[in-house]
Amino acid sequence: MSLSFFSLVTGLYVLHFSIALILVNKEVPQTRGMLYPRESETREVRSLDGIWNFVRSDQANPTQGVRDEWYAKELSKSRPTIPMPVPASYNDITTDNLRDHVGTVWYDRKFFVPRSWSKDQRIWLRFGSVHYEAYVWINGQKVVKHEMGHLPFEAEVTDLLSYGAENRITVMCDNALIQTTVPQGRITEVPNDGGMTIVQSYTFDFFNYAGIHRSVHLYTTPRTFIEEVEVTTNLSKDATVGEVFYSVSVNGSAANEADNVLQIQANLYDKEGILVANATSDQKLGGKLQVNPVKPWWPYLMHSEPGYLYQLEIKLLATNDELLDVYRLKVGIRTLSWNSQQFLINGKPVYFRGFGRHEDSDIRGKGLDNALMVRDFNLLKWIGANAYRTSHYPYSEESMQFADEHGIMIIDECPSVDTENFSQELLGKHKSSLEQLIHRDRNHPSVVMWSIANEPRTGSVSADSYFELVANFTRSLDKTRPITAAIAVSNTQDKAGRSLDIISFNRYNAWYSNAGRLDMITQNVIDEAIAWNKRYNKPIIMSEYGADTLEGLHMQPAYVWSEEFQTEVFSRHFKAFDELRKKGWFIGEFVWNFADFKTAQSYTRVGGNKKGVFTRARQPKAAAHLLRKRYFALGRDLDQCSFPEDLFTYIADLIS
Ligand code: GCB
């Protein structure tokens with residue numbers, strides 16, 4: 001392994017001046033495979049989650065472990081190790097200051113591979129996400145390197161494993177962010193009481209948690225196997241007939257044998273497990289399934305049976321009908337369309353009522369946690385939300401599947417946040433983050449829009465061509481979904497909106513501007529939304545608004561940070577939204593944030609960002625009850641949903 005890999009930590013960032021750059025549209029690497037690991041009659045899946053051994057490198061010497069080949073033997077032979085849970089961020093696990101560590105850390109563990117896996121199979125090692133950069137070895141042999149948090153990666157390890165024996169996996173993870181990583185950060189050397197120290201800074205407003213954040217799996221495939229499945233769907237005009245178009249790629253020697261004509265047998269089952277359509281593929285391994293009558297996929301509260309999913313069974317057959325491989329995935333049948341005024345699902349206009357969120361919780365940081373995920377979805381449904389944005393990076397695959405099942409619409413955001421200092425290298429990484437995201441999430445019915453950045457510095461000269469290139473690239477990968485970005489610069493300065501399909505804007509009236517002035521919200525929001533629409537003639541979403549709120553702090557009349565203030569801030573926005581809804585092109589409101597979350601330390605943050613409607617422990621603040629009434633009222637007005645029985649608390653016969 002070359003030491004130049006480690007320039008992230010040791011190298012200084014390059015300065016970019018704000019003159020217009022000539023940016024070129026270069027190819028980015030294409031993701032292959034990476035189907036979510038699922039068992040079938042031809043595949044086995046084994047989790048490597050659990051307690052791993054962990055070592056932090058010396059901050060001043062981040063490449064030492066590579067030079068000294070710590071991966072060549074057990075980590076404990078090189079350094080004392082501590083136990084570390086996987087999946088989890090490592091930052092908040094220990095009692096010393098691992099939290100603010102900058103640079104590399106190491107993990108290892110041992111595992112057995114059964115003898116039975118040696119026969120006629122291929123073995124794959126897959127990570128759901130490691131933040132930010134990962135280097136992986138099996139039994140001391142280099143396997144894979146991956147840059148970019150929140151996105152999966154995998155490698156074949158068939159020839160590196162010992163079968164019927166114990167094996168070792170070693171991972172080095174580097175959390176350093178510089179001006180050409182996504183997201184961007186800065187590494188500086190700063191004097192401290194001990195001499196000099198390395199400091200990581202970043203402008204984005206969430207803690208740079210790091211580590212093995214999602215599950216690690218080993219899985220088997222047959223020698224020739226289903227490597228990719230891409231699904232798109234369509235509905236007849238009257239929504240009675242559904243179509244599922246599938247296209248499959250195969251990996252393996254059988255695919256290359258001239259006399260072996262591979263085929264796909266595709267079967268579609270409804271929720272009850274009844275076969276509703278089947279088809280045999282063409283020679284390119286693609287085809288179409290027709291479902292009549294169809295149950296379309298609808299968002300939560302837009303239909304009595306939201307999130308309806310079929311199961312698509314893909315069988316790979318050899319010439320002699322021998323079954324080579326089977327892979328199953330859930331499919332929701334729906335259409336999306338948009339124009340200069342509206343966004344429609346199955347031909348019906350959508351009004352988004354939702355949240356910006358974070359993957360964040362006490363102790364585990366950004367580590368996947370099923371209890372937290374299920375609790376969050378229960379709260380989303382309790383409050384009547386129909387959507388969220390994966391601010392400001394891709395969320396777990398498990399949560400995407402959950403959103404499919406529950407009919408929660410997702411604006412799927414790549415990890416580009418506060419994008420600035422536009423450069424050719426950054427453009428390449430930014431495009432790669434979208435390529436990896438779209439490859440991972442393209443089959444999810446819940447994903448209804450791509451967000452290509454949050455609060456990019458789109459006032460700068462280079463933003464124009466930069467975002468044109470990013471948006472066009474995104475469109476070249478997926479034409480079935482519209483593109484947005486959450487913009488914070490003023491509409492007069494912005495240079496990215498012309499490249500988007502839907503304009504989202506973030507604004508904190510009565511907080512970052514005119515703090516405390518509840519009388520300076522409603523008209524400002526109306527005026528700004530109108531200005532965005534006038535400038536671009538596109539549908540408009542308010543993608544962030546809110547106020548930090550310390551739970552339990554009450555002040556009447558309302559005062560910043562109190563529960564009364566958050567409630568009032570919301571109410572003043574609702575007034576603006578209702579005015580804007582009448583215009584026809586205002587299509588959604590997203591509160592910032594679903595729950596309180598951790599940030600870097602700063603005098604504006606008391607234990608983190610407190611703009612949550614729920615606390616970090618996922619309990620409602622007072623404003624949650626107000627928001628719930630609004631979201632259900634919108635649901636009843638727009639989508640004819642019914643009210644939950646406990647929406648209004650009985651007060652007196654006199655009030656109804
Ligand atoms: C924003 C950012 C978000 C912050 C939020 C805030 O505009 O998009 O990441 O957390 O403001 O609370 O400052």
Side-chain angles (χ1 to χ4, degrees), residues 203-206 353-358 383 389 391-392 418 454-455 459 486-493 504-532 540-581 586 588-616 619-631:
T203 60
F204 57 83
D205 184 38
F206 56 93
R353 33 191 193 269
F355 293 96
R357 296 184 58 200
H358 268 295
I383 212 162
R389 176 167 61 114
S391 42
H392 298 308
D418 290 10
N454 179 73
E455 302 201 351
I487 302 177
V489 303
S490 76
N491 60 79
T492 50
Q493 292 173 325
S504 302
F505 73 99
N506 298 348
R507 193 69 63 217
Y508 289 86
N509 289 292
W511 193 258
Y512 294 126
S513 56
N514 307 319
R517 295 302 301 253
L518 293 167
D519 57 333
M520 295 182 187
I521 295 176
T522 309
Q523 198 55 47
N524 277 335
V525 172
I526 294 172
D527 290 348
E528 179 163 13
I530 290 174
W532 280 109
I540 308 293
I541 289 173
M542 188 161 199
S543 41
E544 287 184 24
Y545 69 95
D548 281 272
T549 306
L550 194 64
E551 82 255 32
L553 179 68
H554 290 280
M555 296 183 111
Q556 184 64 30
Y559 191 87
V560 284
W561 288 91
S562 68
E563 301 224 26
E564 284 73 13
F565 187 76
Q566 188 181 36
T567 306
E568 275 292 328
V569 165
F570 284 14
S571 169
R572 306 287 172 127
H573 278 84
F574 299 162
K575 240 194 189 150
F577 299 150
D578 282 348
E579 271 311 301
L580 289 166
R581 287 198 302 124
F586 188 77
E589 51 189 88
F590 288 76
V591 172
W592 189 259
N593 186 283
F594 176 74
D596 292 348
F597 58 91
K598 184 145 168 176
T599 61
Q601 300 188 62
S602 125
Y603 52 78
T604 59
R605 297 284 177 255
V606 188
N609 187 309
K610 299 277 187 209
K611 293 193 185 72
V613 168
F614 299 97
T615 64
R616 205 178 188 211
Q619 296 300 339
K621 298 182 189 170
H625 298 280
L626 180 83
L627 191 64
R628 185 172 184 234
K629 290 186 177 104
R630 167 140 186 109
Y631 281 179

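Quick note: numbers below take in every heavy atom, side chains included, and nothing from hydrogens, waters or symmetry partners.
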Distance check, rounded to the nearest 0.5 Å: [X] atom [atom1] versus [Y] atom [atom2]?
| X | Y | atom1 | atom2 | result |
| --- | --- | --- | --- | --- |
| Asp205 | Ser602 | CG | OG | 8.0 Å |
| Leu627 | Lys621 | CG | NZ | 12.5 Å |
| Leu553 | Phe565 | CG | CZ | 12.0 Å |
| Thr549 | Asp596 | OG1 | CG | 8.0 Å |
| Arg507 | Ile487 | CZ | CD1 | 10.0 Å |
| Asn509 | Arg517 | CG | CZ | 12.5 Å |

- From the list Phe597, Phe594, Phe590, ring-ring contact (aromatic ring centres under 6.0 Å, His included) with Phe355 holds only for Phe594

- Do the rings of Tyr545 and Phe570 sit parallel, tilted or perpendicular, given the 30° and 60° boundaries?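 Answer is perpendicular, since the angle exceeds 60°.
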
- Indicate the ring-plane relationship of Phe577 and Phe574, choosing parallel, tilted or perpendicular according to the 30° and 60° boundaries.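 Geometry flag for Phe574 against Phe577: tilted rings.
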
- Item | Under-4.0 Å salt bridge between Glu568 and Arg572 |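 So Glu568 pairs with Arg572 through a salt bridge.
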
- Give a yes or no on whether a salt bridge exists between Lys611 and Glu544, defined as a side-chain N under 4.0 angstrom from a carboxylate O.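 Salt bridge absent between Lys611 and Glu544.
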
Please confirm whether the backbone N or O of [Y] pairs with a side-chain atom of [X], one donor and one acceptor, at under 3.5 Å?
| X | Y | answer |
| --- | --- | --- |
| Glu564 | Met555 | yes |
| Ser571 | Thr567 | no |
| Gln566 | Gly612 | yes |

- May I have the step-by-step check of side-chain contact (heavy atoms from CB on, under 4.5 Å) for Arg581 and Asp578, ending in yes or no? CA-CA 5 Å; Arg581 287 198 302 124; Asp578 282 348; 3.1 Å; yes

Measure the shortest side-chain to side-chain distance between [X] and [Y] over non-hydrogen atoms and say whether it is less than 4.5 angstrom.
| X | Y | value |
| --- | --- | --- |
| Ile540 | Glu528 | no |
| Val525 | His573 | yes |
| Asn524 | Asn514 | yes |
| Leu626 | Lys629 | no |
| Asp548 | Leu550 | no |
| Leu580 | Ile530 | yes |
| Lys610 | Trp561 | yes |

Under a 3.5 Å threshold, yes or no: a donor from one side chain and an acceptor from the other, between [X] and [Y]?
| X | Y | result |
| --- | --- | --- |
| Asn593 | Asn609 | no |
| Ser543 | Asn506 | yes |
| Arg389 | Asn454 | yes |
| Gln523 | Asp527 | yes |

- Task: Verify side-chain contact (heavy atoms from CB on, under 4.5 Å) between Phe586 and Met542, making sure each step is shown before the conclusion.
- Result: CA-CA 8 Å; Phe586 188 77; Met542 188 161 199; 4.1 Å; yes

- Task: Would you check, one step at a time, whether the test side-chain contact (heavy atoms from CB on, under 4.5 Å) holds for Glu551 with Gln619?
- Result: CA-CA 10 Å; Glu551 82 255 32; Gln619 296 300 339; over 6 Å; no

Heavy-atom pair with the smallest gap, counting every atom of [X] and [Y]:
| X | Y | value |
| --- | --- | --- |
| Ala547 | Val569 | CB-CG2, 4.2 Å |
| Ala531 | Asn491 | CB-ND2, 3.5 Å |
| Gly546 | Trp511 | O-CB, 3.9 Å |

- Message: Heavy-atom count check: over 12 atoms from other residues, nucleotides or ligands less than 6.0 Å from Tyr559 OH?
- Response: no

- Ring centroid separation for His392 and Trp592, is it under 6.0 angstrom?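 Centroid distance His392-Trp592: below 6.0 Å, so yes.
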
